[in-house]
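Numbering starts at 1 and runs along the sequence shown. Order of appearance sets the numbers: ligands from 1, and atoms from 1 within every ligand. Values below: every heavy atom of this structure, side chains too, minus hydrogens, waters and symmetry copies.
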Amino acid sequence: MSAPLLHWIDGKAVPSAGGTTRAGTNPSTGGPGAEVSLGTADDVDFAVRAAHGAAKGWRHTGSLDRGRILAAISRRLLADLDELAAMESADTGKPLALSMAEIRGAAEYFEFYAALVNLPVGEVLDIQPNLHVYTLREPLGVVGVITPWNLPLNQAARACAPALAAGNTIVAKPAESTSRTTVALARIGSEEGLPPGAFNVVLGQGSEVGTAIVRHPLVRKVAFTGSVPVGQEIGRIAADRILPLTLELGGKSANIVFADADLEFAASEAVRAFTTNAGQVCSSGTRLLVQREIQERFTAAVVAATRKLRPGHEVGPMITRGQWETVRRYFRIAAEEGATAEVGGGVPLDSELAAGFYVEPTVYSGVTNDMRIAREEIFGPVVVIIPFETEDEAVALANDSDFGLVGGVFTSDMSRAIRVAESIEAGQVYINSWSTQSVQMPFGGHKHSGYGREKGIEALNHYSHIKSISMRLTGR
Ligand code: NAD
């Protein structure tokens, strides 16, 4: 048996203060997975102090040098792609090609923000002749980065790259089931020139390590990606501490398909929208709103494309046993609510997959927007199809949700596309595609999907303060 995964603190691998570990599970086989150290509040304190100690030096490292280090991390992620992707797929069960795409995306975060180290800029304000007034952007200090298990390395990079670019130092906590690639990222950071303490990782349970990060008085911001209930819990602690947060939470996003759309392409995009990463994507398109006149034809196309996706091949398992149980519970709820499973609705019968956490890609019809399966995030490869008559009704249905993360519109009428896109209450809307996401596009939610923004130049504003400085001038 291999040694347990250790924390990464102050530039080196460190065992837990408490010495306890957690045995992992391989989601593809149900067999043993990676064993991971379980941290305590003492480990968090050690890591936060290391990050605090490194903060001044990192902030005052010349911006070109900081940029060079971030660019070197990006190149290393690509150089180590095979090894990192194998690690990610072993922890999550996702197809290797998907892990590779996610790690290339992680490299892009570092590449993009490497070029923006000088961008959190201020300006000179012309107020009156005897005053020299300017603003500057300064880092916040130690940033806590808490991430979920669905895109482990990619989501760690999404927050860590802009936080480091803006001059902050980091204490990251990955999900306990998928910790390996975040530790690898911190190790690569150290090897490529980050000073000791600039990027620390503490492993362990959310209730212990995550909470200790949010509560630590030297942590000056938390970037949290995860579920709504945990986001709310963090928000309550943050309220007492007046701690700034970025909350990237769940979604129940709508793809709206009008009768005049390119239906063949829309169907393939609609299927990609709810089956990528076996539906374990916050921006999944899990409500498919279809204009009534094409409902039958379009449903048939979606069902046909879904049938081609085989669990264990194109579609990986649920990443945790808990998530597998959740999705199966929603299959029962769907049946109780009277929805019709056009395809799927259970676990695959293939005996080779029996021990893994697999579910069938599933399309439900006979659904109304007030059913639980239309309102609650399932986080599996499950879509509900809901018909609509008019543009207004489609927008009202899309917005009748507690969530507001992303949305999609498929139509050949570009005026309508823009009208609808601008009416959807969500942080990103895609026209005639699903999830054309890129590092340059700000990303984040409305309503229960969270607040703050990751990605783009915008994210840098969430990892820095603006300060105004005025100086009285004499002799004028
Ligand atoms: P989760 O909220 O259970 O866990 C997320 C992280 O928080 C984990 O590292 C966990 O250990 C930690 N945590 C748990 N309890 C904590 C506490 N009390 N204090 C501090 N940290 C704590 O979420 P999950 O089940 O791992 O992930 C799935 C959820 O993440 C889904 O709702 C999904 O939509 C959401 N998500 C959102 C985005 C986004 O960008 N908006 C991206 C990916 C996933």
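Counting all heavy atoms, side chain and backbone alike, Thr306 lies closest to Phe274 at OG1-CZ, 3.7 Å. Of all the heavy atoms in Pro15 and Asp43, the pair that sits closest is O-OD1, 4.0 Å.
Within the 4.0 Å heavy-atom shell around ligand 1 one does not find Val214. Ligand 1 is approached by Pro174 to a heavy-atom distance shorter than 4.0 Å. Residue contacts with ligand 1 include Arg158, since one of its heavy atoms falls under 4.0 Å from the ligand.
In this structure, Arg241 places its CZ atom where more than 12 heavy-atom neighbours from other residues, nucleotides or ligands lie under 6.0 Å away.
Within the cation-pi definition used here (under 6.0 Å to the ring centroid, within 45° of the axis), Lys252 does not qualify as a partner of Phe403.
No hydrogens or angles considered: a donor-acceptor pair under 3.5 Å links the side chains of Lys221 and Thr246. Under the 3.5 Å distance criterion, with hydrogens and angles disregarded, a donor-acceptor pair is assigned to the side chains of Ser99 and Ser89. Residues Ser438 and Gln440 bring a donor and an acceptor atom of their side chains to less than 3.5 Å of each other. Judged by distance alone, the side chains of Tyr330 and Glu376 do bring a donor and an acceptor atom under 3.5 Å apart. In this model, a donor atom of one side chain and an acceptor atom of the other lie less than 3.5 Å apart for Ser190 and Trp8. At a cut-off of 3.5 Å, with distance as the only test, a side-chain donor of Asn369 or Arg287 sits close to an acceptor on the other residue.
In terms of protein heavy-atom proximity, atom 35 (C) of ligand 1 is nearest to Gly226 O, 3.1 Å. For atom 23 (O) of ligand 1, the nearest protein heavy atom (residue, atom name, distance) is Ser227 N, 3.4 Å. Closest protein heavy atom to atom 25 (O) of ligand 1: Trp149 NE1, 3.4 Å. Nearest protein neighbour of atom 31 (C) of ligand 1, counting heavy atoms only, is Glu377 OE1, 3.4 Å. Given atom 18 (N) of ligand 1, the protein heavy atom at minimum distance is Glu233 OE2, 3.2 Å. Nearest protein neighbour of atom 16 (C) of ligand 1, counting heavy atoms only, is Val230 CG1, 3.4 Å. Scanning the protein for heavy atoms near atom 27 (O) of ligand 1, the closest one is Pro148 CB, 3.2 Å.
At a heavy-atom distance under 4.0 Å, only side-chain atoms of Ile234, from C-beta outward, approach ligand 1.
Atoms of ligand 1 lying under 4.0 Å from at least one heavy atom of Cys282, given by number and element, are 34 (O), 36 (N), 37 (C), 38 (C), 39 (C), 40 (O), 41 (N), 42 (C), 43 (C), 44 (C). Counting atoms of ligand 1 from 1 in the listed order, those under 4.0 Å from a heavy atom of Ala175 are 9 (O). Near Leu405, meaning under 4.0 Å from any of its heavy atoms, are these atoms of ligand 1: 41 (N). Contact atoms of ligand 1 toward Thr147: 6 (C), 8 (C), 9 (O) (distance under 4.0 Å to a heavy atom of the residue). Those atoms of ligand 1 that come under 4.0 Å of a heavy atom in Glu176, given as number and element, are 11 (O). Counting atoms of ligand 1 from 1 in the listed order, those under 4.0 Å from a heavy atom of Phe443 are 40 (O). Close approach to Gly206 involves these atoms of ligand 1, each under 4.0 Å from a residue heavy atom: 11 (O), 12 (C), 13 (N), 14 (C), 15 (N), 16 (C), 17 (C), 19 (N), 20 (C), 21 (N), 22 (C). Here is the list of ligand 1 atoms found below 4.0 Å of a heavy atom in Gly250: 32 (O), 34 (O).
Between His7 and Asn200, the closest side-chain pair of non-hydrogen atoms is not below 4.5 Å. Side-chain atoms of Ile373 and Val382, non-hydrogen and from C-beta on, never get closer than 4.5 Å to each other.
Not a single N or O atom of Gln155, backbone or side chain, sits closer than 3.5 Å to an N or O atom of ligand 1. Checked against a 3.5 angstrom limit, the closest N/O atoms of Asn150 and ligand 1 fall outside it. Checked against a 3.5 angstrom limit, the closest N/O atoms of Ser449 and ligand 1 fall outside it. An N or O contact shorter than 3.5 Å is missing between Gly251 and ligand 1 by distance. Taking only nitrogen or oxygen atoms, main chain and side chain alike, Gln205 does not reach within less than 3.5 Å of ligand 1.
Panel note: side chain Ser28, backbone Asn26; no donor-acceptor pair is recorded below 3.5 Å.
Within a 4.0 Å radius of atom 40 (O) of ligand 1, the protein contributes at least one heavy atom.
Ring planes of Tyr113 and Tyr109: parallel class, angle under 30° (limits at 30 and 60°).
Of the candidates Ile146, Ile237, Thr225, it is Thr225 that places a heavy atom closest to atom 5 (C) of ligand 1.
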*I would like to know whether Trp58 and Phe199 meet ring pair (Phe, Tyr, Trp, His ring centres under 6.0 Å); could you show each step before the answer?*
CA-CA 10 Å; Trp58 178 241; Phe199 188 165; over 10 Å; no
